[in-house]
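The structure displayed is predicted, hence computed values, not measured ones.
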Amino acid sequence: MSYSTFGSNESAPRCNYTRIRKHFSQTQLSKLCTYKSTTTRHNSQGHKQLQVYNRDTVLTIGQKLTGRACSSDGMGQRNHSNLVLSSHLPFQSLFLATSLLSIFPSHLPSNFSINRMEGSTGMSEAWPMVERNGTQLLTKDEPFVIHGFDTYWLMVFAVDPETRHKITDVFSEAKEVGLNTCRTWAFNDGGWRGLQVSPFNYDEVVLQALDFVLSEARKHRIWLILSLCNNWSDYGGRSQYIKWGQESGLDLTSDDDFFSETTLKSYYKGFIEAVLTRTNTITNIEYKNDATILAWEILNEPRCPSDPSGDTLQAWIEDMSAFVKSIDPVHLVQVGLEGFYGPSTPELMKLNPDDYSGVVGTDFIRNHQAPSIDLASVHIYPDVWLTHSDQDDHIKFVQNWMDQHMSDSKDRLNMPIVFAEFGISIRDERFGAGFRELFMDTVYGTFLRSLETGGPGGGCILWQLFPEGAEHMDDGYAVVLAKYPSTFSLVSLQSKRLSNGAST
């Protein structure tokens, strides 16, 4: 998208020279001077946009602005005479560039243009940020519905060049059936291919693998919900934080100390800040500005059974969600709850799958009333939660579970709802692929009927989509579309249904 075009034959707006000197450092100016080997770039409409300017001109302007010689470090070999404005610059640098043109228009060719593409602010018309308006999700002021899938292991697979292509495979297959959102792990705490090796110590190779996941998602126009930690010990999770705390000398006796111990919270906040402020080495876009990210999830399936009142977990949710927003006020934030009702709504606890669900320290209504939470999150696992094998009862439970949560999201919380995991294990002898498809159709149909009758927006995310060749990671819930043509058709049909009323 063209931001502005100034040249020697045009009347450029005047800028205050002193103000520029005050607000822009020589480092920022140097970032402006990014060498590229090409002289043109095509925008989303296929039009060429010339972005070349002369190195000597930039250095001369830089010297006049800063009062001293401008370094050419990082701008390529000196025998290259042309420079191009990077498409992935902070907005301040773009402002500086327009200021340079307004002050010294005669130094620049008449066909020179500055283009604000998605890298400048992390957003573009071609790749819109998903936003919330009350109970609805929007892109470019149009309704947006999440039609998604979980594939948690993408980052780990992206570390190894031998398996990296699986990320491309799963995104390609998802796009083929109309899926638009992927929820995946943006963490791996300690252990094999750990992203966070120890508190405040992060593996750059694994972070670059996460960069690759984001860049591939962007190429395939798949939005991402990135989960930042696990309640369970898989991929480290809060139990790994407990181990780190114990190794540092803290007296910790329970995984629930994760929610209250000040040092552990500082570890986690350090990790959050490292991820959110990271600049992608492939796209050169800072994560907190990247429209590829739909939402941050602060913890997958949090529970704190040592405090059934819910006070401990509530305080942690409010603290961590506010911390995320303090760094990234743009992206949406969700908790990652399973959806169990708690003490704030005792009349609804009967809808929980069992009595224990009501005393694990979570509270669907209260937890989502935290000021920095944007999306209600719910999971659906009747095969795990319900001990009996009556399939009709399972389907009825799913319908009631969804209906009540959608009603509460609209009337009590005024926010969209994301059924962020729903699945059936076909390894369970009570069920098979046929029942899984009935279950999926029930989830899709129940959400769609609510949406069509004025219910909240949001969407549904299938646990979990696998490409062929990754079956060794299958926990029984993997859906390999190539092996199940009827499931392929079911997911594609839901895409068509949604496209009639909302953007996918």
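For the residue pair His220 and Ser172, a side-chain donor N or O sits within less than 3.5 Å of a side-chain acceptor on the partner. Residues Ser372 and Glu318 bring no donor and acceptor atom of their side chains to less than 3.5 Å of each other. Between the side chains of Thr292 and Trp127, at least one donor-acceptor pair of N or O atoms lies under 3.5 Å. For the residue pair Asn280 / Glu286, no side-chain donor-acceptor distance below 3.5 Å is found, with atom types taken as modelled. Inspection of the His379 and Glu301 side chains reveals an N or O donor paired with an N or O acceptor under 3.5 Å. A donor-acceptor pair shorter than 3.5 Å can be found between the side chains of Asp363 and Ser344. Side-chain contact annotation: Thr487 with Glu437, donor-acceptor N/O pair under 3.5 Å present. With 3.5 Å as the limit, one finds a donor-acceptor pair spanning the side chains of Asn230 and Asn300.
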inquiry  = Leu226 vs Leu214, test: side-chain contact (heavy atoms from CB on, under 4.5 Å). Steps then yes/no.
reply    = CA-CA 10 Å; Leu226 296 180; Leu214 267 70; 4.2 Å; yes
key: Verdict with supporting geometry, Asp383 and Arg427, salt bridge (Lys or Arg N to Asp or Glu O under 4.0 Å)   = CA-CA 11 Å; Asp383 62 333; Arg427 291 183 182 175; over 6 Å; no
task = Apply side-chain contact (heavy atoms from CB on, under 4.5 Å) to Trp223 and Cys182, showing your working.
result = CA-CA 6 Å; Trp223 281 270; Cys182 173; over 6 Å; no
task = Please test Leu137 against Glu131 for side-chain contact (heavy atoms from CB on, under 4.5 Å), starting from the C-alpha separation and ending with a verdict.
result = CA-CA 6 Å; Leu137 295 177; Glu131 301 173 304; over 6 Å; no
key: salt bridge (Lys or Arg N to Asp or Glu O under 4.0 Å) evaluation trace for Arg164 with Asp169   = CA-CA 9 Å; Arg164 182 170 293 181; Asp169 291 348; over 6 Å; no
task = Starting from the C-alpha separation in whole Å, work towards a yes-or-no answer on side-chain contact (heavy atoms from CB on, under 4.5 Å) for Leu250 and Gln246.
result = CA-CA 5 Å; Leu250 296 176; Gln246 291 171 335; 5.9 Å; no
When the side chains of residues 457-470 are checked against the rest of the protein, which donor-acceptor pairs come out under 3.5 Å, sequence neighbours left out?
from, atom 1, to, atom 2, distance (Å)
Gln464, NE2, Asp475, OD1, 3.2

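The shortest distance between side-chain heavy atoms of Pro343 and Ser309 does not fall below 4.5 Å. The closest side-chain heavy-atom distance from Tyr287 to Leu276 is not below 4.5 Å. No side-chain heavy atom of Arg132 sits under 4.5 Å from any side-chain heavy atom of Leu138. By the 4.5 Å heavy-atom criterion applied to side chains, Leu375 and Leu294 are counted as neighbours.
Cation-pi geometry between Lys166 and Phe157 is not met at under 6.0 angstrom from the ring centre and within 45 degrees of the axis.
Sequence neighbours left out, the pairs with a member in residues 185-211 that pass salt bridge (Lys or Arg N to Asp or Glu O under 4.0 Å) are Asp160-Arg193, Glu204-Arg278, Asp211-Arg278. The stretch residues 246-259 participates, sequence neighbours left out, in these salt bridge (Lys or Arg N to Asp or Glu O under 4.0 Å) pairs: Arg238-Asp256. A salt bridge (Lys or Arg N to Asp or Glu O under 4.0 Å) check over residues 485-494, counting only residues at least two apart or in different chains, returns nothing.
No donor-acceptor pair closer than 3.5 Å links the side chain of Thr181 to the backbone N or O of Gly148. Proximity of a side-chain donor or acceptor of Asp474 to a complementary backbone N or O of Gly476 within less than 3.5 Å is detected. Using modelled atom types, no side-chain atom of Ser407 and backbone atom of Gln404 make a donor-acceptor pair closer than 3.5 Å. At distances below 3.5 Å, at least one donor-acceptor pair connects side-chain atoms of Ser489 with backbone N or O atoms of Pro485. Checked by atom type and distance alone, the side chain of Arg436 never pairs as donor or acceptor with a backbone atom of Leu438 at under 3.5 Å. Looking only at distances, no side-chain donor or acceptor of Ser409 sits under 3.5 Å from a matching main-chain atom of Met406. Of the possible donor and acceptor atoms, none in the side chain of Arg303 sits under 3.5 Å from a partner among the backbone N and O of Val359. In this structure, the side chain of Ser377 engages the main chain of Gly336 through a donor-acceptor pair within 3.5 Å. Panel note: side chain Ser248, backbone Gly245; a donor-acceptor pair is recorded below 3.5 Å. Under the 3.5 Å distance criterion, the side-chain polar atoms of Lys175 are matched with a main-chain donor or acceptor of Arg221.
Considering all non-hydrogen atoms of both residues, Arg430 and Thr387 come closest at NH1-O, 3.2 Å. Across Gln334 and Glu297, no two heavy atoms sit closer than the pair NE2-OE1, 2.7 Å. Closest approach of Phe364 to Leu413, counting heavy atoms only: CE2-CD1, 3.9 Å. The shortest non-hydrogen separation linking Asp290 to His331 is O-NE2, 2.7 Å. Nearest heavy-atom pair across Ala186 and Leu228 is CB-CD2, 4.4 Å. Residue Val378 comes nearest to Glu338 through the heavy atom pair CG1-O, 3.5 Å, listed as atom of the first residue, atom of the second, then distance.
Side-chain rings of Tyr235 and Trp153 stay apart, their centers remaining 6.0 Å or farther from each other. For an aromatic pair to be called close, the ring centres must be under 6.0 Å apart, and Tyr477 with Tyr381 satisfies this. Two rings, from Tyr444 and Phe422, have their centers less than 6.0 Å apart. Aromatic ring centres of His405 and Phe419 lie farther apart than the 6.0 Å criterion allows. Between Phe340 and Trp385, the ring centre distance stays below 6.0 Å.
Classification of the Tyr241-Trp244 ring pair by plane angle, with boundaries at 30° and 60°, yields perpendicular. In this pair, Tyr341 and Trp401 present their aromatic rings perpendicular. The plane angle is above 60°, beyond the 30 to 60° band.
For Asp354, the side chain to side chain donor-acceptor pair (under 3.5 Å) partners at least two apart in sequence or on another chain are Ser357. Residues satisfying the side chain to side chain contact (heavy atoms under 4.5 Å, CB included) test with Glu176, not counting sequence neighbours, are Phe488.
Between Tyr484 and the options Leu490, Ile426, Val491, a side chain to side chain contact (heavy atoms under 4.5 Å, CB included) holds for only Ile426.
The residues Lys410 and Asp403 are annotated as not salt-bridged, no charged nitrogen and carboxylate oxygen being separated by less than 4.0 angstrom. Ion pairing between a basic and an acidic side chain is recognised when a charged N comes within 4.0 Å of a carboxylate O; Glu421 and Arg183 show such pairing.
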